[in-house]
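Okay, so here's the structure we're looking at.
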Amino acid sequence: TPKGSCLESVKIAIDTGYRHIDGAFVYYNEHEVGQAIREKIAEGKIKREDIFYCGKLWNTCHPPELVRPTLEKTLKILQLDYVDLYIIELPMAFKPGDAIYPKDENGKFIYHDTDLCATWEAMEACKDAGLAKSIGVSNFNRRQLEMILNKPGLKYKPVSNQVECHPYFTQPKLLEFCRQHDIVIVGYSPLGTSRDETWVNVSSPPLLKDPVLNAIGKKYNKTAAQVALRFSIQRGVVVIPKSFNPQRIRENFQIFDFSLTEKEMKEIEALNKNVRYVELLM
Ligand code: A2P
């Protein structure tokens with residue numbers, strides 16, 4: 001993000017009423033997020049405990065001995081004492097080191113053998129130390145979740161699994177599995193992404209142009225974006241829409257004054273194409 005735009009956007013978001021902020025070290029804007037939160041606290045607009053900040057452990061930091069120092073680095077950047085949620089960003093590990101995307105001379109990713117369960121134990125220790133109020137995962141499939149859930153001596157189970165989720169990728173099976181295990185699904189790309197071709201599979205059509213979402217929106221005097229977000233929260237999926245535009249930041253918050261009928265929910269569920277925008281081919 002251009003310098004300062006994240007700071008401004010988070011401040012507008014907090015003023016609008018957002019409290020859940022989804023961040024990560026690899027977004028390279030945690031210093032701005034932290035500053036925005038601290039400025040709003042200083043203004044008296046919010047207290048620290050009103051904010052729910054989610055940070056993420058990157059792929060190069062999976063070895064257990066790196067987990068706590070990595071979280072401490074994030075806290076130092078944020079200038080906060082704790083994060084509300086700390087999650088393993090992806091289930092695969094990269095070679096530890098300064099390179100965020102370590103590659104060999106042939107341009108191939110250099111992976112690293114770590115035991116996800118050992119990484120998880122280090123996450124549990126962060127919670128015990130009070131550095132993270134809760135711990136969770138991201139981009140985990142059912143088998144990877146089961147590995148953690150079935151770990152001998154498990155102290156805390158993941159409270160959440162952040163995955164791609166929206167009307168074109170509704171994740172029915174994973175959602176049901178997570179419901180059974182009391183794991184909250186946090187849906188990323190709830191609006192169908194920015195369609196940036198460097199990381200998005202744009203062969204799937206633009207979500208917000210969908211005729212059904214637009215027709216339902218017309219009925220409620222809402223946009224397709226608001227219908228997509230409402231659909232997710234109404235089925236119990238947490239949404240983390242991204243916008244750096246003040247008007248759209250506000251628009252994406254105006255989803256608590258209408259509700260979709262059961263028939264409309266079914267109609268939207270039927271839009272599922274089972275195709276990811278974010279393929280994460282690494
Ligand atoms: P912008 O930052 O200019 O608002 P996702 O949350 O699925 O990753 O989608 C993010 C993309 O959707 C961004 O490109 C963002 O652009 C755009 N966006 C966010 N809110 C809306 C909205 N209400 N209507 C249309 N596009 C939106």
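Just so you know, ligand 1 is whichever comes first in the structure, and atom 1 is the first atom listed for that ligand. These values consider heavy atoms only, across backbone and side chains, with no hydrogens, waters or symmetry-generated copies. Quick caveat: nothing in here was measured; it's all calculated off a predicted structure.
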Hey, can you tell me if F109 and Y101 have their rings parallel, tilted or perpendicular (30° and 60° cut-offs)?
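Tilted, since the angle between the ring planes falls between 30° and 60°.
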Using a strict threshold of under 4.0 Å (side-chain N to carboxylate O), is an ion pair present between D15 and K40?
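The answer is yes: the pair qualifies as a salt bridge.
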Output yes when D50 and K45 qualify as a salt bridge under the 4.0 Å nitrogen-oxygen rule, no when they do not.
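No, D50 and K45 are not salt-bridged.
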Only counting residues at least two apart or in another chain, list the ones meeting side chain to side chain donor-acceptor pair (under 3.5 Å) with Q144.
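In terms of side chain to side chain donor-acceptor pair (under 3.5 Å), with neighbours along the sequence ignored, Q144 is linked to no residue.
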Ligand 1: which residues have a non-hydrogen atom closer than 4.0 Å?
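Ligand 1 is contacted, at a heavy-atom distance under 4.0 Å, by S189, P190, L191, G192, T193, S194, L208, A225, P241, K242, S243, F244, N245, R248, E251, N252.
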Among pairs that include at least one residue of residues 196-219, which meet ring-ring contact (aromatic ring centres under 6.0 Å, His included), considering only residues two or more places apart or in two chains?
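Qualifying pairs, neighbours excluded: none.
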When clusters are formed from ILVMFWY side-chain contacts under 4.5 Å, directly or step by step, what else is grouped with F52?
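Its cluster partners, ordered by chain and number, are L85, I87, V159.
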